[in-house]
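Residue numbers begin at 1 in each chain, while the letters A, B, ... track the order of the sequences.
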Amino acid sequence: MSMATGSKFMPPQATEIAKSVDSLYEFLLIVSFISCVLVIGGLIYFAIVHRRKHEGEKTPYIAHNTTLEFLWSFIPFVIFMVVFVWGWVVYHQLRHMPENGLEIGVQGQKWDWTFIYKSGRKTAGEIYVPVNQDVKLLMTSADVIHSFYIPAFRTKQDVVPGRYSALWFNANREGTFQVFCTEYCGDKHSAMAAKIHVVSREKYEDWVQTDAYKGLSSVEIGAKVYGQRCIACHSLTPTPEGANPIAPSYYGLFGKQEKLDDGSTVLVDENYVRESILNPNAKIVAGYKKGIMPTFAGQLSEEEVMGLIDYLKTVK
Amino acid sequence: MASGAHDPNLNYLNWEKGLWSWLTTLDHKRIGIMYMISVMCFFALGGTFAMLIRWELFSVGKTIMDAKQYNQAMTFHGAIMVFMVIIPGIPAFLGNFIMPMQIGAKDVAFPRLNLASWYCLMAGAAVAFISLIYNGADTGWTFYTPYSITTQNGTIWLVTGAFIIGFSSILTGLNFIVTVHKLRAPGMSFWRMPLFVWALYSTAILQVLATPVLAITLALLVAERLLGVGIFDPKLGGDPVLFQHFFWFYSHPAVYIMILPAMGVVSELIATFSQKTIFGYKAIALSSIGIAAVSFFVWGHHMFVSGQSEFAGILFSFITMLVGVPTAIKTFNWVATMYKGSIRFDSPMLYAMGFIFLFTIGGVTGIMLAVVGVDVHFHDTYFVVAHFHYVMVGGTLMAIMGGIYYWMPKMFGRMVNETWARISFVLVFVGFNVTFFPQFILGAMGMPRRYYDYLPEYESLNRISSMGAWTIGVGFLVALGVILHAIKRGKIAGPNPWNAKTLEWTAPSPPPHENFHVQPVVTAGPYEYR
Ligand SMILES: [Cu+2]
Ligand SMILES: [Cu+2]
């Protein structure tokens with residue numbers, strides 16, 4: 001089975017670079033296989049041929065052989081240099097950022113990915129890119145180190161808090177491909193996945209411009225945002241049983257008097273909810289920890305914050 | 001005690017009695033045995049975590065534990081196996097027992113320091129295990145920042161434990177360097193030292209030079225957590241990637257702290273069981289030193305996608321290739337030693353051959369990972385997991401097992417039961433390949449490591465892998481039985497059951513307190529089969 005056509009044993013190839021990586025890998029496999037056959041074959045062959053026939057056998061005294069030793073140092077060295085240079089060439093392609101690529105912002109946070117497009121649009125867990133187009137991801141993390149890995153593109157790059165790192169690709173076929181987080185980041189590390197949708201140029205333009213909430217009421221928008229951004233921590237259950245203990249449930253929240261950790265109480269109104277979303281550490285609910293809820297300032301549009309407020313009013 | 005020096009019934013095991021005589025002993029052989037017992041206990045614990053991990057990964061989704069527990073299991077499996085099993089395994093256990101005898105010495109240069117090293121390991125382990133009862137640690141054995149700064153407090157205990165264990169390693173290394181320089185028997189020139197001694201000597205240099213860097217790094221990490229000093233945490237103005245540089249500056253050489261002694265053991269086994277002079281003695285000895293030296297300059301190959309510059313990536317890839325050459329030389333030398341030998345397949349030799357088999361696969365896949373353009377795809381996937389298990393388990397652990405069976409007659413004066421020893425080998429060897437070979441494929445398919453859960457398409461290979469792991473588990477249980485049986489009831493071995501040529505075999509089995517009744521004088525090289 002040739003890997004060039006995409007086999008069961010490799011992810012699909014969706015960039016030209018993926019093909020170069022696979023050719024090099026294929027070469028490495030062949031050379032490695034031959035080396036293993038020689039070494040292990042020699043090992044087994046000598047073991048059989050020179051097995052002890054009777055105790056006290058004399059063995060020849062062979063301490064070294066300059067030619068042989070030179071050869072088995074030099075030949076591996078040459079092979080290593082060949083694969084090193086080849087690997088360098090491929091690496092250069094992977095790391096050399098295109099001049100006029102389409103830039104998309106990526107933020108990693110425990111435990112999901114946010115994608116920020118120049119049009120102002122944002123998506124979580126799903127990224128859309130046009131086919132046959134250089135795309136450059138400008139990435140940073142809100143908390144710990146994550147790593148953005150697209151097996152089908154044979155590329156990955158760590159995403160580090162406090163700085164930007166970059167990764168580029170040019171997908172050569174349409175389709176949906178897997179994204180993993182490959183730097184261990186805690187409990188839901190293995191769930192920190194995303195999908196990358198490679199679509200035609202027109203579809204992409206259309207998509208990036210269109211309003212994701214077209215035709216939706218404010219409450220529906222809020223429900224949708226809740227499902228994407230808040231559900232990981234906030235439940236909707238009326239009683240503590242079955243609720244996620246990490247954060248207060250939304251049930252009956254709006255309009256109630258909330259106890260804060262400094263002992264005071266506050267009325268849950270529009271302003272309080274808004275502040276909780278955009279500046280969550282300003283007031284902390286009694287019994288919950290500070291610093292768990294991330295700020296959504298700059299991440300949610302006005303429309304989405306309004307939607308959330310309207311949606312909260314309905315949860316009772 | 002002096003009165004017993006020539007009593008043939010007195011040996012290091014029985015010349016003093018009682019637990020206290022063991023806990024305060026300064027005899028390198030007894031300290032070696034204490035390391036043996038502790039390392040075996042740690043191995044059982046680390047192995048239990050491995051079994052739980054593979055059980056959880058048997059199926060997609062939750063199988064027996066939740067993600068939090070899984071992450072702790074994988075952290076403890078890694079930390080225990082690396083810091084408490086593989087690193088002390090050969091030098092501190094086999095090396096302590098055998099190395100002074102191989103150079104014809106009565107003991108190591110600093111017996112008290114030797115005992116102190118063992119207590120460091122114990123203290124470090126105790127502190128590390130506090131984190132288990134406390135509230136666990138879930139950072140992985142690599143403790144990457146800033147995650148390790150922000151996660152639960154048990155991490156501090158584990159890190160502090162590793163810090164203390166580091167001193168055990170440093171002190172043992174120091175002791176061995178001085179021992180090799182100062183205590184060689186008359187006539188034992190450097191070029192007459194057995195290759196096991198050469199390997200331990202190179203390892204000791206690494207231990208002394210590299211481990212302090214780990215200690216400093218871990219101390220900085222604790223300082224950052226407890227005192228809020230900004231070193232690695234970007235929120236405090238620190239640099240999280242700096243930690244990786246520090247960590248791998250130690251941990252890459254540490255990989256050779258783990259494998260060089262194993263190579264030393266294998267050199268002994270191959271020569272003895274082929275009854276033949278080792279091929280390329282000097283090449284093997286010098287390649288150990290060469291590997292040790294170059295290994296300080298390759299740490300960046302763990303960081304190809306961390307954001308280091310393209311130039312750094314290429315440079316580290318190049319230097320890593322250079323380590324491949326001496327490694328390849330050793331392998332060829334072992335195989336060449338078997339040429340025209342008189343080979344017997346006692347269990348130690350099976351382990352030595354198993355080592356060459358697995359280490360070759362570990363080696364070639366290591367080259368693949370050093371090819372920087374390919375590593376970008378493989379980094380932090382199961383390909384890496386498979387590769388380093390082939391080297392660490394297929395390499396080091398196979399060598400430890402071979403070494404135990406080989407030196408069992410010397411250590412306890414008794415032989416192992418060959419049939420069961422071979423059965424355990426077959427179980428471990430086959431189980432090992434079944435466990436880890438599929439992981440290469442999983443990695444190439446893109447399955448990331450340290451994943452509690454995975455996509456359904458990875459399930460069938462994970463199942464095979466888990467079944468292999470349980471086979472290994474059974475194999476090691478059999479091996480434990482073989483060892484215990486040999487200690488209690490094994491056939492009495494003479495001083496030199498394998499007709500080996502190195503000095504330890506000229507002493508009685510088990511050796512007396514001061515190793516040799518008469519000071520040995522060396523007149524020839526270590527593998528004189530003529
Ligand atoms: Cu992650
Ligand atoms: Cu390394």
*Asks:* With respect to chain B, which residue among A/V160, A/T155, A/I145 yields the maximal number of heavy-atom pairs within a distance under 4.5 Å?
*Replies:*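 Winner by heavy-atom pair count: A/I145.
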*Asks:* Take A/K156 and B/D380 through the test salt bridge (Lys or Arg N to Asp or Glu O under 4.0 Å) and record every step on the way to the result.
*Replies:* CA-CA 10 Å; A/K156 69 167 70 73; B/D380 267 339; over 6 Å; no
*Asks:* Taking atom NZ of B/K340 and atom CD of A/E57, what is their separation to the nearest 0.5 Å?
*Replies:*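 Output value for this atom pair is 13.0 Å.
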*Asks:* Do the non-hydrogen side-chain atoms of B/M321 and A/F77 ever get within less than 4.5 Å of each other?
*Replies:*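 Contact flag for B/M321/A/F77 side chains = no.
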*Asks:* Non-hydrogen atoms of chain B under 4.5 Å away: do they reach the side chain of A/D143, the backbone, both or neither?
*Replies:* backbone
*Asks:* Tell me, for A/K58 versus chain B, whether the close heavy atoms (under 4.5 Å) come from the side chain, the backbone, both or neither.
*Replies:*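 For A/K58, the contact with chain B is made by the side chain alone.
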*Asks:* Do B/K276 and A/P60 have side chains that approach each other closer than 4.5 Å (heavy atoms only, starting at C-beta)?
*Replies:*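 SC-SC contact between B/K276 and A/P60 confirmed.
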*Asks:* Give the member of B/T331, B/D138, B/N499 that has the highest number of heavy-atom pairs under 4.5 Å with chain A.
*Replies:*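 Option with the top pair count is B/D138.
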*Asks:* To the nearest 0.5 Å, how far apart are CG in B/D239 and CZ in A/R163?
*Replies:*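 With rounding to 0.5 Å, CG (B/D239) is 4.5 Å from CZ (A/R163).
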*Asks:* Quick one: pull up CG in A/L24 and CE in B/M368 and give me the separation to the nearest 0.5 Å.
*Replies:*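 So the CG of A/L24 and the CE of B/M368 are separated by 9.5 Å.
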*Asks:* Given that the side chain runs from C-beta out, which part of A/I40 has a heavy atom under 4.5 Å from chain B: side chain, backbone, both or neither?
*Replies:* side chain
*Asks:* Given that the side chain runs from C-beta out, which part of A/S73 has a heavy atom under 4.5 Å from chain B: side chain, backbone, both or neither?
*Replies:* both
*Asks:* Taking the six-membered ring for Trp and the single ring otherwise, decide whether the centroids of A/Y184 and B/Y147 are under 6.0 Å apart.
*Replies:* yes
*Asks:* Could you measure the distance from the CZ atom of A/F33 to the CD1 atom of B/I361? Nearest 0.5 Å is fine.
*Replies:*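 It comes to 10.0 Å.
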*Asks:* Mind checking whether A/H189 and B/Y452 have ring centres under 6.0 Å apart?
*Replies:* no
*Asks:* Does any heavy atom of chain A fall under 4.5 Å from the side chain of B/I149, the backbone, both, or neither of them?
*Replies:* neither
*Asks:* Compute the ring centroids of B/F279 and A/W72, then answer whether they are less than 6.0 Å apart.
*Replies:* yes
*Asks:* Please answer whether the main-chain N or O of B/E310 pairs with a side-chain N or O of A/R95 as donor and acceptor at a distance below 3.5 Å.
*Replies:*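 No; judged by distance alone, with no hydrogens or angles, the pair does not exist.
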*Asks:* Side chain, backbone, both or neither: which part of B/T365 has a heavy atom under 4.5 Å from chain A?
*Replies:* neither
*Asks:* Does the A/S190 side chain pair with the main chain of B/Y451, one donor and one acceptor, at a distance under 3.5 Å?
*Replies:* no
*Asks:* From B/T150 OG1 over to A/K110 NZ, what is the distance, rounded to the nearest 0.5 angstrom?
*Replies:*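 It comes to 4.5 Å.
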*Asks:* I need the residue from B/T381, B/D233, B/T337, B/I367 with the largest number of non-hydrogen atom pairs under 4.5 Å to chain A.
*Replies:*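 Ranked by heavy-atom pairs under 4.5 Å with chain A, first place is B/I367.
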*Asks:* Identify which part of A/Q93 has an atom lying under 4.5 Å from any heavy atom of chain B, answering side chain, backbone, both or neither.
*Replies:*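 When you check distances to chain B, no heavy atom of A/Q93 falls under 4.5 Å.
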